[in-house]
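Every chain is numbered from 1, with letters handed out A, B, ... down the list of sequences.
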Number of protein chains: 2
Amino acid sequence: MPVIAVDRRASSPLHRQIYDGFRTAIVHGNLRPGQRVPSSRTLSVDLGISRIPVLNAYAQLLAEGYFEGRKGAGTFVSESLPETLAVCENQAPHAAPPGSGLRQVARRSLLTGTYEAPAWSRGWGAFCVHQPAFEQFPFPIWSGLVMRHCRNLSPGVIHNIDPLGSESFREAICTYLRTARAVHCQPSQVMVVSGSQQALAITARVLLGPGSPIWFEEPGYRLARKVFAEAGCRLIPVPVDEEGMLVSAGIRRSPKARAVYVTPSHQYPLGATMSASRRMQLLNWAQSSGSWIIEDDYDSEYRFESMPISSLQGLDRNARVIYIGTFSKVLFPSLRLGYIVIPQDLVDHFVAVRSAMDIFPPYLYQEVITDFMREGHFARHIRRMRLLYGERRTALVNNLREHFGSTLELHGAQAGMHLAVTLPQGLSDHEIATRAASKGLWLFPLSPSYLGESPRQGFILGFSNIAAQEMSSAVQQFRTLLPK
Amino acid sequence: MPVIAVDRRASSPLHRQIYDGFRTAIVHGNLRPGQRVPSSRTLSVDLGISRIPVLNAYAQLLAEGYFEGRKGAGTFVSESLPETLAVCENQAPHAAPPGSGLRQVARRSLLTGTYEAPAWSRGWGAFCVHQPAFEQFPFPIWSGLVMRHCRNLSPGVIHNIDPLGSESFREAICTYLRTARAVHCQPSQVMVVSGSQQALAITARVLLGPGSPIWFEEPGYRLARKVFAEAGCRLIPVPVDEEGMLVSAGIRRSPKARAVYVTPSHQYPLGATMSASRRMQLLNWAQSSGSWIIEDDYDSEYRFESMPISSLQGLDRNARVIYIGTFSKVLFPSLRLGYIVIPQDLVDHFVAVRSAMDIFPPYLYQEVITDFMREGHFARHIRRMRLLYGERRTALVNNLREHFGSTLELHGAQAGMHLAVTLPQGLSDHEIATRAASKGLWLFPLSPSYLGESPRQGFILGFSNIAAQEMSSAVQQFRTLLPK
């Protein structure tokens, strides 16, 4: 019989110590199935403690099946426990011991590639991509609305299980999209998601299977590429020029592609706006080939030289476009809220996939943003940010011209929260970005945005999270990293 | 030349009306590619308005590529627009017109089945499953914490992009799991997710592929089944008895299954606690066959007749268990927060899949729950609810015995927030549940929890969201639905 020791000064209660002592002895083979254990009376005398904690521990061990009682004969370690236990002593925190056999993961999960957080993605401020001007966010108004909805929780809200999301939020989104983006929509077609990434993950699961060919902008948005890669799709890189995706090249390469992923308002990363003729070519092709268009309208709120461009979805009369938007860029990323506008006949499919994925979205911020929109704060915030980002954009463009002359080629500065620059032949963006990060300057290299061979070298420069008056010194620091 | 009309009294600004007029004319073929449009001066005179809105509209149409300017010759509809446009007049809200061709979805997405919200899942109160006692939640404390974290947002929090979730939250979860659930864990192994559904979706993507055999409790948790069905897995139903899953039956049916899904603390829906010998058999089998154990510990906080049962993960010395927990049951469902404890060598795979799925979890409630746990509110709330649910459970059991006698067989009342009852031969749970719902009584039928043929008929009765003193009348109402 192994020693069951108790320590009155330990933080763990006596019954727990006794329970743990027996369980460890059984698991480690020091007590064998069928072996008799002392009566609770005997053990309490041996340990010099009251009988109550011993009885509690025995009750638990009986309840969990480590012990079994036999009428009139006492208490035993359960006969039904396996004789040899594979469990072995291992103090490491839940790590597999060496040589512990097969540890297979799904082949499909390897398609995603590994997660990387390169040095330049951990920064904050100048040139970081997708970072709104955090200090400009109207937090007093915002936290007032949070408080309003946090204090007055109704059972309906707390148990809202609609996989599309809150009805009033979807109405507010529709009102906004109809007027600001010329999107055709009804609340019944809108699904609230955690951002454009989840929107793409759901869309891919509904529409695309292993081997499905999909046109993808070259260069394009890396995180979107991961979704389609994981879905097992065949990615067809389709080059972009200053009119956006070269639809004719897509048709040549894969006329029957199942879908196309596009960012027509502000191509990511090069910034082109898709021209009207390309838009119509794309819609015509999708209709004739029975393909789907996935329109990612990630930062269309900010245009500096004209009115916002209407969405592709708004031009589509055949319900071929799945329209995706996000609040990460207009409000802030750690909100995790975005939306999908779904062709009516696909809504049930999207709902089925979404509900299997995470059931329904969290409620609080849905209510908060609804009021933020209805009470005009949203439109006002966008107007203020459009002016502010316009100034910052101009400061960046002017400083790049002044300090780099014609060394850098500029792309896509007319909209959004970033622009792209391309480098002269012979320079490596990855090498420069690594050096920059070591000096606390966050330059996002352009080349990883390419899927194919011979990518262009350059940078994606965010200008939304740096004050105009600080632009000059940031650009000068950038300049020192390039050869004279 | 089609008529471009403007209306000064319309809410839309004049430049927008002109822009829309031209765009509609082009899209509908009333203006053809290459056709000349009037000069801005001529049009402003024709319309009797100032030239500024006309210039603005033309600038936009040029920017978007509907118009092109030719030096000295004027402005034209772009030659590059396609001659025939598939876009047709259709006022319906983004619905496919009849006969509009192929509308293919992925075969895989059909595996999920359709989303159903049956009558009994829309209710609130007596017998609803997975509904905590909402009115007992400490909202004043909670909203104080929400306010604290909403007012003092730091850039780090707003831009927290760690796909595992907040570090301090993961530390708080570990502290809780180590003491309350005997889980072996470090913060680096914990991933914050939106609930057990997302936990399962990520786990399935990492570990399981099309055709992977997986043992599944029969009867079992339907929403979990959907995840594995969508992943294309081969579901092997393994019966449960009062000791939990019959491991020997699983080994007989599929000795090389890639994984097993189990709810050992409180089997869903029948409520058995897995016995120690079954736990060890399962761990031994997983180790020898190189399989994974997915442990869903959804409501283990509430046990009424003994201490909480330690987790299966805590017994496992070979890092074969993926442990899943949720805050939906202890706090409230529309929070959308849960966690996965991942074997160390799989963490990178989980991170890659998660980041492709939705990048990272929203920040606010992570911070709030961290403080809620650290300041002792969480433990206090669980203790209070354990007492309360224990009373409600006893009231339900006594009332069922009083009003039904031996007509109903009771299962799994020693823990959790629900118990199960089975019906005598010849009664249909679905039929009774439908009748009950029409009278405002929410009975969840048991039979849909079965995958195989000849399911048992019965109900899953939640007792957490109904006061003990109201139990009698609810049970009596339930009694009237069964034949005398």
**Asked** For the residue pair Phe139(A) and Cys150(B), what are the closest heavy atoms and their distance?
**Response**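 Shortest heavy-atom separation between Phe139(A) and Cys150(B) comes out as CD2-O, 4.4 Å.
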**Asked** What are the two closest heavy atoms between Leu364(B) and Leu364(A), and how far apart are they?
**Response**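 Smallest interatomic distance, heavy atoms only, reads CD2-CD2, 3.8 Å.
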Could you tell me which portion of [X] (side chain, backbone, both or neither) has an atom closer than 4.5 angstrom to a non-hydrogen atom of chain B?
X         : answer
Leu110(A) : side chain
Arg23(A)  : side chain
Ala286(A) : neither
Val146(A) : side chain
Ser310(A) : both
Ser78(A)  : neither

Out of [options], which one racks up the most heavy-atom pairs below 4.5 Å with chain B?
options                                   : result
Ser212(A), Ser188(A), Ala59(A), Pro362(A) : Pro362(A)
Val206(A), Thr114(A), Val183(A)           : Val206(A)
Arg107(A), Lys226(A), Arg258(A)           : Arg258(A)

**Asked** For Tyr365(B), which residues count as a ring pair (Phe, Tyr, Trp, His ring centres under 6.0 Å) partner, sequence neighbours excluded?
**Response**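 Partners of Tyr365(B) under the ring pair (Phe, Tyr, Trp, His ring centres under 6.0 Å) test: Trp142(B).
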Look up atom [atom1] in [X] and atom [atom2] in [Y], then write down how far apart they are to the nearest 0.5 Å.
X         : Y         : atom1 : atom2 : result
Arg336(B) : Ser194(A) : CZ    : OG    : 11.5 Å
Ile26(B)  : Met280(A) : CD1   : CE    : 7.0 Å
Arg103(B) : Leu346(A) : CZ    : CG    : 5.5 Å
Met357(B) : Glu230(A) : CE    : CD    : 6.5 Å
Ile359(B) : Ser334(A) : CD1   : OG    : 12.0 Å
Leu208(A) : Ser109(B) : CG    : OG    : 10.0 Å

**Prompt:** Do you know which of Ser143(B), Gly65(B), Gly209(B), Ala201(B) has the most heavy-atom pairs with chain A at a distance under 4.5 angstrom?
**Reply:**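 Result: the option with the highest number of such pairs is Ser143(B).
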**Request:** May I ask you to name which of Pro132(B), Ser328(B), Gly290(B), Ala352(B) has the most heavy-atom pairs under 4.5 Å with chain A?
**Result:**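 Counting heavy-atom pairs under 4.5 Å, the top option is Ala352(B).
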**Prompt:** Which bit of Thr273(B) comes within less than 4.5 Å of chain A, counting heavy atoms only: side chain, backbone, both or neither?
**Reply:**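 Neither the backbone nor the side chain of Thr273(B) comes within 4.5 Å of chain A.
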**Structural part of Ala199(B) lying under 4.5 Å from a heavy atom of chain A** =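 Interface part for Ala199(B): neither.
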**Request:** Would you mind reporting whether Phe332(B) and Tyr363(A) have side-chain heavy atoms less than 4.5 Å apart?
**Result:**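 The answer is yes, as the side chains (C-beta and beyond) meet within the 4.5 Å cut-off.
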**Any Gln281(A) side-chain heavy atom under 4.5 Å of Leu81(B) side chain** =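 No - every pair of side-chain heavy atoms lies 4.5 Å or more apart.
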**Asked** Checking Gln104(B) side chain against Leu207(A) main chain: does a donor-acceptor pair fall under 3.5 Å?
**Response**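 Checking the backbone N and O of Leu207(A) against the side chain of Gln104(B), no donor-acceptor pair under 3.5 Å is found.
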**Request:** Could you tell me whether a side-chain N or O of Glu64(A) sits under 3.5 Å from a main-chain N or O of Ser275(B), the two making a donor and an acceptor?
**Result:**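 No, because the side chain of Glu64(A) does not come within donor-acceptor range (under 3.5 Å) of the backbone of Ser275(B).
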